[in-house]
Trainee: 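Structure in structure tokens, see below.
Owing to the predicted nature of the structure, the values given are computational and were not obtained by experimental measurement.
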2 protein chains.
Amino acid sequence: MNDEAEAESGVDAGDAVTPPATAPGRPRDEEASGRIRAAALKLVREEGYGQVSISRIAKEAGAARQTLYNRWPTKAELVLDAFFAQANAIAARPDPAPDVPRSIVLRDFLCDIFAHLQRDGAALRSLIAAAQQDEDFCAIFRTRFVEPRGHIVEELLRDAQKRGELGAGRDTAMLTALVHGAFWYRLLNGQALDDRLAQGIVAEIFGG
Amino acid sequence: MNDEAEAESGVDAGDAVTPPATAPGRPRDEEASGRIRAAALKLVREEGYGQVSISRIAKEAGAARQTLYNRWPTKAELVLDAFFAQANAIAARPDPAPDVPRSIVLRDFLCDIFAHLQRDGAALRSLIAAAQQDEDFCAIFRTRFVEPRGHIVEELLRDAQKRGELGAGRDTAMLTALVHGAFWYRLLNGQALDDRLAQGIVAEIFGG
DNA sequence: TTAATTATTGGACTATAGTCTATAAATAAG
DNA sequence: CTTATTTATAGACTATAGTCCAATAATTAA
């Protein structure tokens, strides 16, 4: 399979394309991607996904509109990338001390997510919406965002089982869907994501 | 508050506006609303929300595009209305026999929903997406769709508590969010909604 | 019959996502 | 220096949601 030509060209999943190292033609302006991501992040945070056009992001970043489309296939992928470039724009993997019950670790992890979503919840809602209208983006969003965070929760729950804090017969994959589902459900219905919710989810999952 | 003039005019929540009984001017073509809803339902089911334009629905229904906007403020509200006019396009409230455990009733209720969503799941995803981009529609969608179905589950869970099938200390509102959340989470991530999922949700909620 | 009122219709209009193309600019290799 | 190659840019283009408006049609009231 001759995929060398393909591998280094075009718009690809994840980041704004891998640099071709030493290529024949005009080199890509590497700094532009950062400016574009920063502009997208700033404008979407300040005004909301739906209120910001690709044209405005391009203008704010000092680039041509087509340059954005050269690097990201859709607005949704650009914005996802912009938020991910902010490292942990959403939440960091917990590194729990051995003596802390995993229910507490999960609660704190959820509180951490919810705190981030005070700022970025509206953008997350827009990205979830975009994923419903674009299968390709749905797959990328699931791979880059949904599944990694799902795994964190599921590992936590399996760890809790090993420690005897959660029944060995519980289905951790299902519990993970319940936990994340509850917060998506609240987020997508415009309801508050607060510490009380985190506490309540954990109480029902562990205390059931 | 003089709201009489307002009450009978304009585009209103829910249905395609109440008929003004005996009004002065040209009467609304009442049959048109049905044709428009039917066209919207048919086209969205056949081709998908994003693939069907308001213009095509109007054409299919034999009405002017502006007539649709006279009766529904947005595409999302028209489509929501079209699916609701199909009576129970999503799922009926269960009427359980006294001897059936409420966990079984809940499981069957979820299976019923999932069966409907085999056909209309894609449309539901699009409506949820629309709700993220339009606050007004979000409120209408929540009132007409989300909350009624939430109440069904919550009543079922409270009934289960009364019957001693679910711990009295459980938070039924939180459990409702967990149940519905889990299925939204699966739906919105493009995963299957099958009987196994219904069984798994109920097992973790009741069997925890 | 005339006037007032309301709905329907067709068309213009704005804003936007995404595509496509032609031109110019920047680089490597010959 | 010339050629091939790639990127950047500007602008045209399509399709669509939603708005606005003017002309017409259908009705009630006088």
Side-chain angles (χ1 to χ4, degrees), chain A residues 4-11 16-33 35-36 40 43-44 47-59 61-79 126-127 129-130 133-134 136-137, chain B residues 5-6 8-11 16-33 35-36 40 43-44 47-59 61-79 126-127 129-130 133-134 136-137:
Chain A
E4 282 183 2
E6 259 185 8
E8 296 288 40
S9 71
V11 174
V17 175
T18 49
T22 287
R26 174 175 177 168
R28 165 180 304 235
D29 177 357
E30 292 301 339
E31 295 184 3
S33 287
R35 289 201 312 273
I36 292 166
L43 289 173
V44 169
E47 308 188 19
Y49 185 89
Q51 275 56 60
V52 173
S53 68
I54 288 277
S55 289
R56 277 198 56 205
I57 297 171
K59 203 172 181 182
R65 201 174 72 103
Q66 184 58 45
T67 298
L68 277 64
Y69 281 108
N70 286 345
R71 301 182 185 202
W72 295 273
T74 61
K75 183 181 171 184
E77 287 206 36
L78 163 58
V79 172
S126 295
L127 292 177
Q133 292 149 341
D134 177 346
D136 292 344
F137 181 66
Chain B
E6 259 184 8
E8 295 288 41
S9 71
V11 174
V17 175
T18 50
T22 287
R26 174 174 178 170
R28 165 181 303 235
D29 176 357
E30 293 300 340
E31 296 183 3
S33 287
R35 289 200 312 274
I36 293 165
L43 290 173
V44 169
E47 308 189 18
Y49 184 90
Q51 275 55 61
V52 174
S53 68
I54 288 277
S55 289
R56 277 197 58 205
I57 296 171
K59 203 171 182 184
R65 202 173 70 101
Q66 184 59 45
T67 298
L68 277 66
Y69 281 108
N70 286 345
R71 302 182 184 203
W72 295 274
T74 61
K75 182 180 172 184
E77 286 205 38
L78 164 58
V79 172
S126 294
L127 292 177
Q133 291 149 344
D134 177 346
D136 292 345
F137 180 67

Trainee: Kindly compute the distance separating CG (Asp29(A)) from OG1 (Thr67(A)), expressed to the nearest 0.5 Å.
Mentor: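 Answer for the CG-OG1 pair, Asp29(A) versus Thr67(A), is 8.5 Å.
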
Trainee: Taking the side chain from Lys75(B) and the backbone from Ala130(B), do they hold a donor-acceptor pair closer than 3.5 Å?
Mentor: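 Such a contact is absent between Lys75(B) side chain and Ala130(B) backbone.
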
Trainee: Output the distance between atom CD (Glu77(B)) and atom CG (Asp134(B)), rounded to the nearest 0.5 Å.
Mentor: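 Result: 7.5 Å between the selected atoms.
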
Trainee: Write down the distance between CD (Glu30(B)) and P (dT8(C)), rounded to a whole number of angstrom.
Mentor: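 To the nearest whole Å, that distance equals 9 Å.
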
Trainee: To the nearest Å, how far apart are Gln133(A) CD and dT16(D) P?
Mentor: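 Result: 15 Å.
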
Trainee: With nearest nucleotides of DNA chain D determined for Pro24(B) and Ala76(B) from heavy-atom distances, which residue corresponds to the more 5′ nucleotide?
Mentor: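 Per heavy-atom nearest nucleotide, the more 5' residue is Ala76(B).
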
Trainee: Just verifying a value: how many Å separate Glu31(B) CD and Ile36(B) CD1, rounded to the nearest 0.5 Å?
Mentor: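 Glu31(B) atom CD to Ile36(B) atom CD1 measures 12.0 Å (nearest 0.5 Å).
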
Trainee: Which whole-number value in Å describes the distance from Asn70(A) CG to dG18(C) C1'?
Mentor: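 After rounding, the gap between these two atoms is 12 Å.
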
Trainee: Can you tell me which nucleotide in dA17(D), dA24(C), dA10(D) comes closest to the side chain of Ala64(A)?
Mentor: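 Selected nucleotide: dA10(D).
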
Trainee: For Arg71(B) and dG18(D), what is the distance between atoms CZ and C1' respectively, to the nearest whole Å?
Mentor: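 Arg71(B) atom CZ is separated from dG18(D) atom C1' by 18 Å.
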
Trainee: Do any N or O atoms from the side chain of Tyr49(B) and from the backbone of Ala76(B) form a donor-acceptor pair under 3.5 angstrom?
Mentor: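 Checking the backbone N and O of Ala76(B) against the side chain of Tyr49(B), a donor-acceptor pair under 3.5 Å is found.
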
Trainee: Between C1' on dT9(C) and CD1 on Ile36(B), what's the gap in Å once rounded to a whole number?
Mentor: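 Going from Ile36(B) (CD1) to dT9(C) (C1'), I get 12 Å.
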
Trainee: Please pick, from dG18(C), dG18(D), dT27(D), the nucleotide with the shortest atom-to-atom distance to any side-chain atom of Thr74(B).
Mentor: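 Among dG18(C), dG18(D), dT27(D), the one nearest the side chain of Thr74(B) is dG18(D).
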
Trainee: More 5' along DNA chain C: Arg26(A) or Ile54(A), using each one's nearest nucleotide?
Mentor: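 Per heavy-atom nearest nucleotide, the more 5' residue is Ile54(A).
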
Trainee: Rounding to an integer number of Å, can you tell me how far Leu68(A) CG sits from dT19(C) P?
Mentor: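 Rounded to whole Å, this separation is 13 Å.
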
Trainee: What nucleotide among dA26(D), dC21(D), dG11(D) has an atom nearest to a side-chain atom of Gln66(B)?
Mentor: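 Nucleotide nearest to Gln66(B)'s side chain: dC21(D).
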
Trainee: If you check the Lys75(A) side chain, which of dA17(C), dT7(D), dT19(D) turns out closest?
Mentor: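 Among dA17(C), dT7(D), dT19(D), the one nearest the side chain of Lys75(A) is dA17(C).
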
Trainee: Just how far, in rounded Å, is P of dA7(C) from CG of Asp29(B)?
Mentor: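 Taking CG of Asp29(B) and P of dA7(C), I get 12 Å after rounding.
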
Trainee: Between the base of dT19(C) and the side chain of Arg65(A), is there any donor-acceptor pair under 3.5 Å?
Mentor: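 It does, because a donor-acceptor pair links the side chain of Arg65(A) to the base of dT19(C) below 3.5 Å.
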
Trainee: In whole angstroms, how far is the C1' atom of dG18(C) from the CG atom of Leu78(A)?
Mentor: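 In whole Å, dG18(C) C1' and Leu78(A) CG are 14 Å from each other.
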
Trainee: Using a cut-off of 4.0 Å on non-hydrogen atoms, how would the nucleic acid contact of Ala63(B) be classed: base, sugar-phosphate, or nothing?
Mentor: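 Result for Ala63(B) = sugar-phosphate.
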
Trainee: If you assign Asp134(B) and Gly25(B) each to the DNA chain D nucleotide with the nearest heavy atom, which residue ends up on the more 5' nucleotide?
Mentor: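 Result: Asp134(B).
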
